[in-house]
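Please read the structure below before turning to the comments.
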Amino acid sequence: MKAVVVTQYGSPDVLQVRDVPKPAPKDNEVQIKIHATSVGYGDIICRNFSHISPREFNMPFLFWIMARLAFGFRTPKKQILGAEFAGEVESIGKVVTRFKIGDPVFGFRGAGFGANAEYLCMPEDGLVALKPANMTYEAAATVPYGALTALNLLRKVNIQPGQTVLINGASGGIGSAAVQLVKHFGAQVTGVCSTPGMAYVKALGADKVIDYTHEDFTKQADTYDLIFDILGKGSFAQAKRVLKSNGRYLFASFKMKQLFQMLWTSRIGSKRVICALSMEKPEDLILIKGLVEAGKITAIIDRCYPLEQTAEAHRYVEKGRKTGSVVITIAHPL
Ligand SMILES: NC(=O)c1ccc[n+]([C@@H]2O[C@H](COP(=O)([O-])OP(=O)(O)OC[C@H]3O[C@@H](n4cnc5c(N)ncnc54)[C@H](OP(=O)(O)O)[C@@H]3O)[C@@H](O)[C@H]2O)c1
């Protein structure tokens, strides 16, 4: 089968289309013929990991070491990138009961990657579910990462209808799903991103959008019950004045400083810092499928590239100017 293979860390030029063995399903696995996959934050980082210093990595040093071990110190252990996928079940292992041949499915590989390929295998009890009936394969391939992560992190803060929520990093993979989930929970959403993403965040349902290149949300009059900071670009110390009493500052990306703030604010004061890790479960993906079918989560695609142009797709995402998701489509020979 064809796959995009990366054998050394570096620029998008390291991504090469090659023929590799087609994976065969184990007894408990489904083999999926992939129609679409995506390019997101994780793909860019993993392709270039030897050039990401602990300082540039948005998590504590220990996580950087763990990621470096998992991804490979000198050369990439994950030779096929792609964390999200949508496709059809091509064959099933002997004991599979949840899926049948021909089922349209979507799913998430997480740090396992492997979806920039014509086929992959997933355990039937892994992060794979029937594709939302109202979505194309292209759209469905952009949903799992952001929606699973945002859902898991937002569960830590139990949003109530009528609350006010600011999402710092609203135009990215996690932020775009968070905007929609927070609206679904009945809260008012303010999204923060740079100029090109503003219309996109508005289209996702944000009540207000702030351009961080022109305005500092910590200096405005509006106040929030929750600030959800995706890249950890904001500062709790500065944002405190726009957090309501009992307000929470939720970090998806954090360093030791924010972990100490979490400890400190759990004991002192009414405003709290929360640093959280997402632990996705297969039932979450089924819940997300339902939210998509109910029209609560949608996908806005910026660009589609064929598998052969995955390097181009990486170049585009790396520019940081995407306004929606970037999809890789896979055409299978008849
Ligand atoms: N806690 C967890 O379990 C968990 C799980 C997965 C990922 N993560 C973390 O999530 C992060 C990746 O999130 P993602 O995939 O959503 O990234 P992404 O798709 O690259 O999106 C990043 C977002 O941040 C915005 N942004 C960039 N610079 C900013 C600034 N100075 N101020 C405010 N916003 C800014 C971007 O807006 P513009 O494009 O308009 O600049 C964009 O909306 C990583 O740091 C990763 O470590 C955490």
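Order of listing sets the numbers, starting from 1, for every ligand and every atom in it. Small disclaimer: the values here were computed from a predicted structure and weren't measured.
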(message) Check this for me: does any side-chain nitrogen of one of E312 and R315 sit under 4.0 Å from a carboxylate oxygen of the other?
(response) yes
(request) Kindly assign one of parallel, tilted or perpendicular to the pair F217 and Y224, based on the angle between their ring planes and the thresholds 30° and 60°. (result) perpendicular
(request) Any pair with a residue in residues 141-158 that passes salt bridge (charged side-chain N to carboxylate O under 4.0 Å, His left out), sequence neighbours left out, goes on the list, sorted by first then second residue, please. (result) R155-D284
(request) List for me each residue that meets side chain to side chain donor-acceptor pair (under 3.5 Å) alongside E56, sequence neighbours excluded, and say none if there are none. (result) S53
(request) Just grab all the ring pair (Phe, Tyr, Trp, His ring centres under 6.0 Å) pairs involving residues 235-292, residues at least two apart or on different chains. (result) Y249-F251
(request) Show the protein residues that qualify under the rule heavy atom under 4.0 Å from an atom of ligand 1, listing them in chain and number order. (result) Y41, N58, M59, Y145, T149, L153, N168, G169, A170, S171, G172, G173, I174, C193, S194, Y212, I230, L231, K233, A252, S253, A276, L277, S278, G320
(request) Would you kindly check if the NZ (Lys) or CZ (Arg) of K131 is within the cone defined by 45 degrees around the ring axis of Y137 and under 6.0 Å from the six-membered ring centre? (result) yes
